[in-house]
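Throughout, a chain's letter reflects where its sequence line sits, starting with A, and its residues are numbered from 1.
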Amino acid sequence: MINTSQKLREFEGLLRCSQFLVKYRFHFEGSEIARSKGVSDRLILVFSSPDRNRTLQYTFSLGSEKSGPYVMVDVINQNGDELSLEDYVQHGDLLEPGRPDPFLLNSYQGNFIEQSRQIINYVDNILSTHLLNIVIGYDWVKVPFDWKGYK
Amino acid sequence: MENVSWNYRGTPSNIKAQRILPGTNGKVAVIGRSMGNKNEMGVKDFAAELKQRGYDIEIFDGDLIPHEAKSDFRARVKEKGWLSDDDLKETRIFEINKKWANKIKDERYTIVDIGDPNGKAASLFYNLEKQIIFGDTQ
């Protein structure tokens, strides 16, 4: 059984070996913990590729009892515009019907490390297919912020 | 520029302004219950049509909301599934929405309220805007 800080370190270690990040030479810039009242602490990991004018920001949280751990990913361009991978997937109808939320670790089989590997592979796959031209700096797209019906 | 007092009443999206607070600074802000998405028309569609007609439009969406506030909101939804009004009041977006509503009122924007074109349940964000701008009570 691994504890909270070990899980954060494990996730960071696995992410830094991501095939996509390595292949496209996104360098690790650093990490920080985001803390806000009413929500779990989030580990923010930043990777950048100055040649491509792109930054990838991964947010990992152990989440709540209900959600379990989850990942959020944003692509940020040289103007500071951000593109949420989750909003892109939702907006582009890329979610398979009936499939559990692909950004939750508990949607995957296995222990924490196996789940982490699978979610990183899922993100790698989206980045290297649907979003490749955007992530490597050839293109950009604006995706509407998903208000989830609250506004 | 067409006369603002009547021009907002109807647009090709068939959304009509329900009320207008006239302003003086030449800018127009749009509020309403639905922001609009691929399934329904809303504030964004109405605002886009006015923008095409030459108005200087502002809505509370997109780049007006800092990245970290959007991220905070997504994290809360992810963790809780559904946010209560009390949960929403803790979000950074709610705080920033409140500042924006006060700003457009204080800076004398013309404010167009499209109401609730899709007959949706009450929204804490929209109620907040109506309260600040028009003095509505719940």
Can you list the steps and then say if Arg42(A) with Glu79(B) is a salt bridge (Lys or Arg N to Asp or Glu O under 4.0 Å)?
CA-CA 12 Å; Arg42(A) 285 158 283 152; Glu79(B) 289 194 12; over 6 Å; no

With salt bridge (Lys or Arg N to Asp or Glu O under 4.0 Å) as the criterion, how do Lys151(A) and Asp61(B) come out once you've worked through the C-alpha distance, each side chain's angles and the decisive distance to 0.1 Å?
CA-CA 10 Å; Lys151(A) 193 172 193 294; Asp61(B) 194 45; over 6 Å; no

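Using a 4.5 Å cut-off between heavy atoms, Asp93(A) touches chain B through backbone and side chain atoms alike. When heavy atoms are compared at a cutoff of 4.5 Å, Leu104(A) approaches chain B solely by way of its side chain, counted from C-beta outward. Interface residue Lys80(B): backbone and side-chain heavy atoms are both found under 4.5 Å from chain A. Contacts between Phe73(B) and chain A at a heavy-atom distance below 4.5 Å involve the side chain alone, from C-beta outward. If you measure heavy-atom distances from Ile93(B) to chain A, the contacts under 4.5 Å come from the side chain alone. Tyr70(A) touches chain B through its side chain: at least one heavy atom from C-beta onward sits under 4.5 Å away, while N, CA, C and O do not. In this structure, chain A has no heavy atom under 4.5 Å from any part of Asp87(B). Residue Asp146(A) touches chain B through its backbone alone, counting heavy-atom pairs closer than 4.5 Å. Looking at Thr91(B), there are no atoms closer than 4.5 Å to chain A (heavy atoms on both sides), in backbone or side chain. Residue Glu86(A) touches chain B through its side chain alone, counting heavy-atom pairs closer than 4.5 Å.
To the nearest 0.5 angstrom, Ser64(A) atom OG is 11.0 Å from Lys78(B) atom NZ.
One hydrophobic cluster holds both Phe20(A) and Val73(A) under the rule that ILVMFWY side chains link at heavy-atom gaps under 4.5 Å. The hydrophobic clustering, which links ILVMFWY residues whose side-chain heavy atoms are closer than 4.5 Å, places Val46(A) and Leu127(A) apart. In terms of hydrophobic clustering, with Ile, Leu, Val, Met, Phe, Trp and Tyr side chains grouped at heavy-atom distances under 4.5 Å, Val77(B) and Val39(A) are assigned to different clusters. The same ILVMFWY cluster, assembled from side-chain heavy atoms under 4.5 Å apart, contains both Phe134(B) and Ile104(B). Linking Ile, Leu, Val, Met, Phe, Trp and Tyr whenever their side-chain heavy atoms come within less than 4.5 Å puts Leu21(B) and Phe46(B) in one cluster.
Checking side-chain atoms of Lys38(B) against main-chain N and O of His91(A) turns up a donor-acceptor pair under 3.5 Å.
For the pairing with Tyr150(A), the ring pair (Phe, Tyr, Trp, His ring centres under 6.0 Å) check across Tyr126(B), Phe94(B), Phe125(B), Trp82(B) returns one residue only, Trp82(B).
Closest non-hydrogen pair, Lys37(A) versus Arg76(B), comes out as O-NH2, 2.8 Å.
For the pair Asp63(B)/Lys142(A), a side-chain contact is recorded, criterion being any heavy-atom separation below 4.5 Å from C-beta on.
Sparse packing is recorded around CD of Gln19(A), with 12 or fewer heavy atoms of other residues, nucleotides or ligands lying under 6.0 Å away. Crowding of Arg52(A) atom CZ: a count of heavy atoms from other residues, nucleotides or ligands under 6.0 Å exceeding 12.
If you tally non-hydrogen atom pairs under 4.5 Å between each of Gly68(A), Gly80(A), Pro144(A), Ser40(A) and chain B, the highest count goes to Ser40(A). Most heavy-atom pairs under 4.5 Å with chain B, from the set Thr59(A), Val143(A), Ile76(A), Asp87(A): that is Asp87(A). When Glu40(B), Arg74(B), Arg92(B) are compared by the number of non-hydrogen pairs under 4.5 Å with chain A, Arg74(B) comes out ahead.
Trp147(A) and Asn37(B) are not linked by any side-chain donor-acceptor pair at a separation below 3.5 angstrom, with hydrogens and angles left out of the test.
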